[in-house]
Structures are given as structure tokens and as C-alpha cells.
Amino acid sequence: MGLFSRKKADPRYFSACNFMPGPQGYGAAALDANGAIVWQRAMPARGHTLELSPDGTLCAIIDRKPGAAITFCRSEDGALLNRIAAADGHHFDGHAVFNRGGTLLYATESADADQAGRIAVFDIADGSRVAAFATHGIEPHELIWVEPDRALAVGNGGIRDRMAMEAEIESSLVLLDAGDGALLAKHELEADLNSLSIRHLAHSAAGEIVFAMQDQDAATEWRPMVGLLGPDGELTFLDLPLDDLMRLRGYCGSAAIDRSGTIAAVTSPHGGVAAFWHLPDRRYLGHVELRDCCGIAAAEECGSFVFTSGAGTRVLATAASHDVTALVLERPVNNLPQWDNHLTARGAGTANQ
Amino acid sequence: MIRGLVSRIALLASWLGVMAAPAQAADFAGFNAAYARDVVAPAFKALAGETKKLAEAADDFGAQPSQDGFAALRVAYDAVSDAWMQAQFFRLGPLGAQQRSERFEYWPEKRPIIDKQLAGLLANAKPDSLDLEKFAQASVAVQGLPALERLLYGDTARQVLSAGPEQKARIAVIKAIAHNLDRLAQQLAAEWEKVLSDPKTAASPFTQDPNEAAAQLYAGLMTGLQIVSDQKIAGPRGPTIDKAKPKSAEQWRAGRSLKNIKLNLQGLREATVGKSGFATLLGADQAALKTEISTAFDAALAAADAAPEPLDAAVTDAEGRKKVGALLVAVNHLRDLMKQKVPPAIGISLGFNELDGDGS
């Protein structure tokens, strides 16, 4: 491509996946908007999220919790660039974000012994660890920028032991100063909601943080599954009809916001549905069914999302003002590859290659 | 577009040098119909037969409370529990809807609410709140087997034999739970009978596509194995003896914890290598895998037989823990086999995200 070319980069979607069931099938792939695999690579461990650098040229593949490594690849062809290992006695938690300049990566990590959470900061140039600061909670999961390069929001999942019989956990949503790690705010849910784990985050155009939760005790009560933290620091929950709430089965796997920044979506692989809201009106728009759907990312059009299934299918959902429509993009006959938890979009024109 | 992707995947898989088993021309429609007829429907029919007897035993006891009547209630409770242990993994369709599974048995108890809510119900056991329709809307904590277990096997269970207001309240709640369980089981049996009555629904129960239905039916078995491993065995055993949680064992008051594991494993084995089970989807050239599955089930059942009763005592005893640990290893081996080797061999794909929680 010429130096003065105005041609924009094509949209791309990135996800960890399984090319065949079992550990030998672990991998990652990039897709174009039509579902064609642009590149794929085998991975030594199960991935969780692929995070794109702001200019779209670099992708970080973060291992699934308890993650041993973060792998850096060229986003054009998946060529391996570098791999960084978790610190001794710690593991990665599956999510990370780049700074605006694409020079630093901030990743959530937990101590093996007690799940104490930290944000580890890496220099992209050489993969060195330049800082680490506490998340003021245990088992941090997704982190997003609230203010680029200045403030991070982190969901402290708070689950010490997934298989423990107790419902009470120690989840929180914290805001941290990205420079020195200072705690800017810590939000916890009321006592009767203490079985909810705040895990997945997205940022709206109005500056709200959408947080999607998982209920460690989904049977006894129908608790809210999705909340909003307003710029004023107020916590509210997004309503939906009881039938639809029940379909989420107390488990949200991913959260996303559309290109307009006004439509929020969450997926529930347990319930096989994705649910959508119009944020400015706090209005529930409806749901789309897809077995084992988890990955979701904004598509090119406002109100549209692409989402992926662990059984191979990819769907384009469009949430309009009063309903939601779905279009199956791909339904591979052998259900492969199986798409893992998160789908990341790189919009058209993000990078000028 | 779809054909293009498939060919790319085939290319990719061969490129990785690990081609999945070729997509078989398996008759999933025929399999589903036979599985529904020979495996799922009979399990719910058996359950409904036992809950009917339980409801009758509760009514009989209510009409004339007696030691014999109380013993008969316990026998009926045990029979319902036995049948439930062989039906609880058929979650596709009615059992997975309307919280039927949790209403039948809310377990594990994630927060200590059953005793509290049951005490509240006994203190305020008004006939209208125990009406079948109303009771079905009550907290899942009081609707099913765990609450009934406390009324039949708890420390104060025998109060139901002494005349007075407490006896009246207990009888009313026992009857409400028994009839609620019966209604749930009758619904489950009826819905699956309906599935069988139409060849179209039998070919693809509660789903659009026969392959999808088979995958979801199989996922139910995997969830069952996960619950046996993580919750029924590893939960009470804990990582170390000082972290053992004997009271986390299932139905320990009734002394059923280990029996439940055995019944689960037997039911899962039937659904896999029994008549019309998933192994019928294996090709003639996959006899070795079928043998491997049978061997893994046999090993798990043998390990369960070797574990000492009762489970809640075994997990706090050094020798007992070894046996329970061996059971856990055997079940996890079976689980790995069923999760990794079997799905590609029978031509289905397990959901990647729906079964696992950690990490997501």
C-alpha cells in the first residue's frame, strides 16, 4: 500500500478458539467481516481475550485464568513477536488493555495463594514489567479505561474458590489511577447481592461503565445481572423482563457497547442468549438466541454486534429502537472452530497499513 | 460462504496435523428418538411413579400419623431420591426450564437459607400459602428434596409424631413438598411423552436441529459428571483434611451421599453405553473407544464401591480420604475421556463456554 494511500484497513475480529476439542486444539484466529479466517495460530494454552493496540497493528493474546503468559502477535498475520510470563506466584486473569500510545500493556493478575489482585504494567518494547499495583480486591477480571492513560476501571471478581459451596464473595468495581495505582473509588454491592461477581466491563458514550455479573447463587433469587456506574458514582441496574432474566441463568460471559456508544449487550453462554439495552433510555430491547454464545463485539453499523458461539456459529445481531434481529453469518457443519469467551473488533480505518 | 469456511477449516485442521474425526453421516434424528424413548422418557416415568407414591404416603401419614407411616414416608423419600439421581442430567427441555431442577433439589446450598426458610414456613404454615399453585412460586429452598430431608431426617424430625400445632404444621409442609415434587415429575414425564408422540419432535427434542439436540443431550451428561466430581466429591472432601466440609455432602442427613454418586454414575453409564446410549453413535471402527468408556465407568463405580460409608465421615478420616481421593481421580479420568475423546468421535461438538465457569 502506498504511502499516501487513503484506503482504510478492513474490519477484523479476533478471538481465542479451539480448532478441535481438547488442549491440543487451543489457538487464536483473526476473521474478516465475512467470517473468513484471515490467520490462525496454534497456542500452547487456552486463550481468553485478544486485545488490540490502539493503532490496530499489535495484538496481545491473554491466557485464560490461571494464565501463564501473554503472547504478542502482529495483528495482520498473527506472526509471533514476544511472550511474557506471569510473575512467580501469580497468574494472569484473562484481560489486559494497551495505553493510548500502544507502548504499555496493563494486565490483571492474581496471587496463586490468596487471589489478591494486581494490575501488572509491561513495556511493549521489551516485554519488561515496569510496575504493579493492587486492585484492592481479589480475583480481578476485566479492566477498561475510564479516562485513557489516566484512570482504569477494574472488576474484582471476588471469587476465591469457584467450587466453594458458599455464595458470599468479595466482588467490587474499583477505579484506579493508572499512574500510581491510587484507589480513586471502590464500589461494592449491598449485602443481599453479595453472591454477584462483577467481571466484565464496557464503557458507554455517556461515560457510564456497564458491568456484567455472574451470580454464585442463581437459584434462590433473581438478582440483577447487569449494572451501570454513572460518572456521578451512582450504581444502578439495567432491568429486563423476568422471563429474559431467567434465561441468563445467573451468568453473563461478556459485555460490549455498539459503535454509537448507546447500545449495551451482554451474552450468557449458560442460557444461550444475548441481551440488549438502549442506555440513554435505560430501555431493554430484547434478546437473541444462540447456543453457547459468549464472544461479542461491536460491528461496523451502529446498533450492530457480531457474536460467537462455542459451537462454531457466528451471528450478526442488530438492535434497533424496539427490537433485535439476528442473521447467521456462519454455521460450520462440524461446529469448528469453537469460539472462546471474548471477541474483539478492530473497526474499519483503525489502522493505515 | 459456509462451504468456504468449512473447506478452510478442513485445510486448517490438516495443517495443524490433527484432523478431527471426519464428520460422520450419523443419523442424529434416529439416535435422538431412540435416546428419548429408551433413556430419557423412562427415567422421568420412573421418577413420576415414585413421586406419586410419595404424595400418597404423605397423605396417608397426614390422615393418621404413626411410626409406620413415618417409616413409609422415609422409604418413599428414598425411592424418589434414587429415581432423581438417574434423571437429573436430562436437563434439555422441561427440566432446564422454570427452575424445575432447582425446585426439585436446591443443592448445593449456596447460602444457609433452607433451615431458616423452612422454620419460617413451619411457623406460618397457612393452608393458602401451601396451596400447590402458590407453593410452586415459593423459594426453591423449601420446595424440594432438601427441605423434605430435614423434615424426615433432621434433629427435630420426630416432632411430627407428637400431636399438637407443630405436628399440624409439619404435616402440612410435608404434604406440600410431596405434592409439589409429584407435580414436577408428572410435568417432566408428560412433556417427554409428548416429545415421543410426534416423530418430528422425537427426532430433535426442544431444538431445531437433530445434531444440536444430540449435543445438548450430551452436554447434560457432562454437566452431571461435573456436578458429581466438583460438588458431590471434591466439595465435601476439600483440598486438605482440615478443609474438609462433611456437611457439604449431598443428603448427608439421610445417609445418601455416596449412594447418590453411585446412582449418578450408573445412570450416566446407561445413557452412554447402555441401550440406545451415546455409544451407539460410535462407528464399527471405534470399538476400542467404546471399551475405553466402559472401562472408565467400571473403574469409577469400583472406586465408589471401595469408598467407605458414610461419605461425610470418610472425608474427615485420613484413610477414608485416600479412598475418596481415588474416586475423584477415577471420575475425573472418566470426565476427561467424555469431554475430549468422545464428542469428536460421535460427531458432536460440546459447547466451549457453557460448561465452564472459571476464568470467564
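Predicted model only: the values in this text are computed from it and were never measured. Each chain gets a letter, A, B and so on, in the order the sequences are listed, and its residues count up from 1.
For the residue pair A:Met246 and B:Gln98, the shortest heavy atom distance occurs at CE-CA, 4.1 Å. Summarising the geometry of A:Gly310 relative to B:Ser349, their closest heavy-atom pair is O-OG, 4.2 Å, with the distance given to 0.1 Å.
A heavy-atom distance below 4.5 Å is not found between the side chains of A:Met20 and B:Pro344. Looking at heavy atoms from C-beta onward, A:Arg291 lies out of side-chain contact with B:Thr207 at the 4.5 angstrom threshold.
Rounding to the nearest 0.5 Å gives a distance of 7.5 Å between CG of A:Asn335 and CD of B:Glu212. Distance check, rounded to the nearest 0.5 Å: CZ of B:Arg111 to OG of A:Ser195 gives 4.0 Å.
Annotation: B:Lys247, atom NZ; neighbour count of heavy atoms from other residues, nucleotides and ligands within 6.0 Å is above 12.
For chain A, the nearby part of B:Asn211 is the side chain; its heavy atoms alone come within less than 4.5 Å. Looking at A:Arg249, only its side chain comes within 4.5 Å of chain B, counting heavy atoms on both sides.
Judged by distance alone, with hydrogens and angles left aside, the side-chain atoms of B:Gln340 form no donor-acceptor pair with the main-chain N or O of A:Pro23 at under 3.5 Å.
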